[in-house]
Amino acid sequence: MNNRANRLGILVGAILLLTACGGTNTPASTVKAADAKSAADVGGMDKLIAAAKAEGKLNVIALPPDWCNYGEAISTFTSKYGIAVNSENPNGSSQQEVDAINQNAGTSTAPDVVDVGLKVAVSNTAVFAPYKVATWGDLPDSLKEATGLWYSDYGGFMAIGYDSSKVPGGTISAVSDLLGAGFRSKVALAGDPTQSNQALNGVIMASVANGGSLDDVSKGVDFFHQLKVAGNFVPVIGTAATVKAGQTPVLLQWDYNSLTHVKDVSTWKVFVPPNATLFGSYAQAISKTAPHPAAARLWQEFIYSDAGQNIYLKGACRPVRQTAMKTAGTIDQAALAALPAVTGTPLYPSQEQQVAAGTYVSAHWSAAIG
Amino acid sequence: MPFFAYVSLFLLLPTVLIAAGSFAAKDGSLTISNFTSINQPFLVKSFVNGAVVSLVSALAGGFAGALLAYAVVTGNPRGLLRRAVTSASGVLAQFGGVTLAFAFLATLSTTGFVTILLQQHGINIFPNGKVWLYELSGLTLLYVYFQIPLMVLVFLPALDGIRPQWREATESLGGTSWHYWRYVAGPLLAPSFLGCTLLLFANAFSAYATAQALISQGSLIVPLAISNLLTSETGRAQPGLAKALAVSMILIVTIVTVLYAVLQQRSGRWLR
């Protein structure tokens, strides 16, 4: 519950800041959608909707339909505005999204908007266009770039998902449980931590739970080395398919991704370790070279509207406006109650900590599990 | 000439680019540090692992394939057995990569149907819960699956070169079956057998897709290590080191292939 208090504090700060800068809006002269930094720049939401409808299309990339309920988000957007959404490479990684912006720039199939890990967002601001959604003030300052080049959309906690019918005792109550003999060939990561943000956070979580900290990921690498030596680490990248096939009965993943396995494996449980409650966030950004600039901006307005944020929540992702919507009473209470229980104090790694952890893991990972 | 252009475009050019890249540092300057940094325990181990998998699967595939090929040759040259085995080998020798890995996962992984079938009969193929399928032993088993048919294909011509008259000659001179194999067929086939086994070794050593589909995490064998060094979401790829590894692999495979060619030439003097 500390989480709520923290968020509220940040929110109050953000609102004060916003009121302070309230008078500096650009005059009403309208600009092209591609240069618009807010809906007001094109003459208001109605004008933006009209311009987006005229474009008629939106290219999104790397949005798996069951990741944060993106399937519903896309279909709702299409039915609401009559804009066809072209979803490319749904299982791509954050880096591949940025690569697609660079490689396909100037073509009609280049991505308009991206949903990337914070680290990738921070290091690729050169290919993004600044934009502030109508609900910009609700977003905590630490989770957005001041000019609107990127802004967090949702997040979740790093969790241990497991098939309770396949683990000793049917339950996991600590990260250290995974070293037990009953976990032989069972524990997997959802990616290569030298490449994937989700997997890297799995290692960071293991580190925090084993005496490391957000600044010291070495304990996490050691932990996976011990798992490897004990024969408990499965050298297979966990996906919905491997969970369904029983190849990866214990999988470190974001809680919202882990929860999606329940529909395939009814005995699937999600555990967020109280001593390593690691929060991770993703970010939205608009491509500078978006072929459909108005639709891209309308997509952002949609994602950050109450409706859009509640769609995330239905997919068990904690939307960035959660605190504000709770205060305003516009949040989907049923979906909120369905989130996994989190008892520990949430940890929010900073950009520097993420980058430092990534550098350490890249240098030591292969030797640890090679 | 068009063939040479084709080969140079798709074979020589990439090799030259990789070789050049292996001597380049990140800033483009000339260096040999890529080669010296191969000397890290996990990279050395990936070479050893690759060699072990290739050697074991080549020997197992070589012996099994040779026996199968011999069985085929002693049969009717236009018979059903021969036609069935050669065409099946032609298909199965190319049956690798994702499809092969999937086939084994569907039958032999923890929830594979053979695993479960055996479990129902009280046989646990993964004692103590240790899933060896994702380890060297599992990879070797998969490789043998395409090594045997390849051996049949490459060894059949050599066996066909053995003339029945030689056996008759041995027998008419009073030799036994042992004498025939020890002094006639054995020495004739040995270079070809060795050569074919070397070919299988090179085939396994350079295989990538099967291993990648089976073992998606870590750098168990060299091709996986190369792939991991080339891709990074966080901008820490080491293309120079990856290319140095590739050059080392090219060297090993070249040596093996040259040996194969030499041995084939030797056996070619008698068997044609």
Side-chain angles (χ1 to χ4, degrees), chain A residues 92-99 116-117 119-120 123-124 166 168 181-186 188-200 224 228 230-239 241-242 244-249 354-355 357-359 361-370, chain B residues 37 40-49 98 101-102 104-113 115-116 124 126-136 138-139 211-222 224-238 241-242 245:
Chain A
S93 69
S94 295
Q95 186 59 46
Q96 286 169 335
E97 297 182 50
V98 172
D99 292 346
V116 291
K119 203 165 49 181
V120 172
S123 47
N124 290 287
K166 298 237 176 80
F183 288 87
R184 190 74 47 83
S185 293
K186 288 202 167 86
L189 280 171
D192 181 330
T194 62
Q195 298 170 25
S196 137
N197 183 41
Q198 181 168 233
L200 174 63
F224 278 94
K228 174 80 186 169
N232 291 4
F233 185 67
V234 188
V236 172
I237 287 177
T239 62
T242 63
K244 202 171 176 178
Q247 284 178 269
T248 54
Q354 287 255 353
V355 171
T359 310
V361 170
S362 288
H364 296 85
W365 183 252
S366 298
I369 66 133
Chain B
S37 52
Q40 296 176 56
F42 76 96
L43 286 179
V44 172
K45 202 167 161 225
S46 71
F47 268 103
V48 174
N49 284 341
V98 179
F102 173 76
F104 269 84
L105 288 176
T107 47
L108 279 183
S109 75
T110 38
T111 51
F113 88 96
T115 313
I116 296 198
N124 185 4
F126 299 122
N128 303 322
K130 179 129 193 78
V131 185
W132 44 260
L133 189 61
Y134 311 126
E135 319 233 324
L136 274 188
L139 196 60
Q212 175 64 33
L214 183 73
I215 306 163
S216 39
Q217 184 85 264
S219 313
L220 188 68
I221 56 172
V222 194
L224 296 183
I226 293 176
S227 147
N228 283 338
L229 287 169
L230 280 177
T231 45
S232 169
E233 195 166 293
T234 45
R236 273 180 289 272
Q238 301 179 64
L241 179 54
L245 284 176

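Remember, predicted model here, so these are calculated numbers, not experimental data. A, B, ... follow the sequence lines: proteins, then strands. Residue 1 opens every chain.
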- Message: With a 3.5 Å distance limit and no angle check, can you tell me whether A:Ser185 reaches the backbone of B:Lys130 through a side-chain donor-acceptor pair?
- Response: no
- Task: Drop me the distance from A:Ile369's CD1 to B:Ser219's OG, to the nearest 0.5 angstrom.
- Result: 7.0 Å
- Between B:Leu105 and chain A, which part of the residue has a heavy atom less than 4.5 Å away: side chain, backbone, both or neither? side chain
- Given that the side chain runs from C-beta out, which part of A:Phe233 has a heavy atom under 4.5 Å from chain B: side chain, backbone, both or neither? side chain
- Taking every heavy-atom pair that is under 4.5 Å apart, which of B:Ser216, B:Ala225, B:Ser46 has the most such pairs with chain A? B:Ser216
- Excluding sequence neighbours, so at least two apart, what forms ring-ring contact (aromatic ring centres under 6.0 Å, His included) with B:Phe126? B:Trp132
- Item | Residue pair A:Val236 / B:Ile215, side-chain heavy-atom distance below 4.5 Å | no
- Side-chain (B:Gln217) to main-chain (A:Gly191) donor-acceptor, under 3.5 angstrom: yes
- Item | Non-neighbouring partners of B:Tyr134 that pass ring-ring contact (aromatic ring centres under 6.0 Å, His included), sequence neighbours left out | none
- B:Thr110 side chain to A:Gly246 backbone, donor-acceptor under 3.5 Å: yes
- Query: Heavy-atom distance under 4.5 Å to chain B: side chain of A:Lys166, backbone, both or neither?
  - Reply: side chain
- Which atom names give the shortest non-hydrogen contact between B:Phe42 and A:Ser366, and what distance separates them? CE1-CB, 3.1 Å
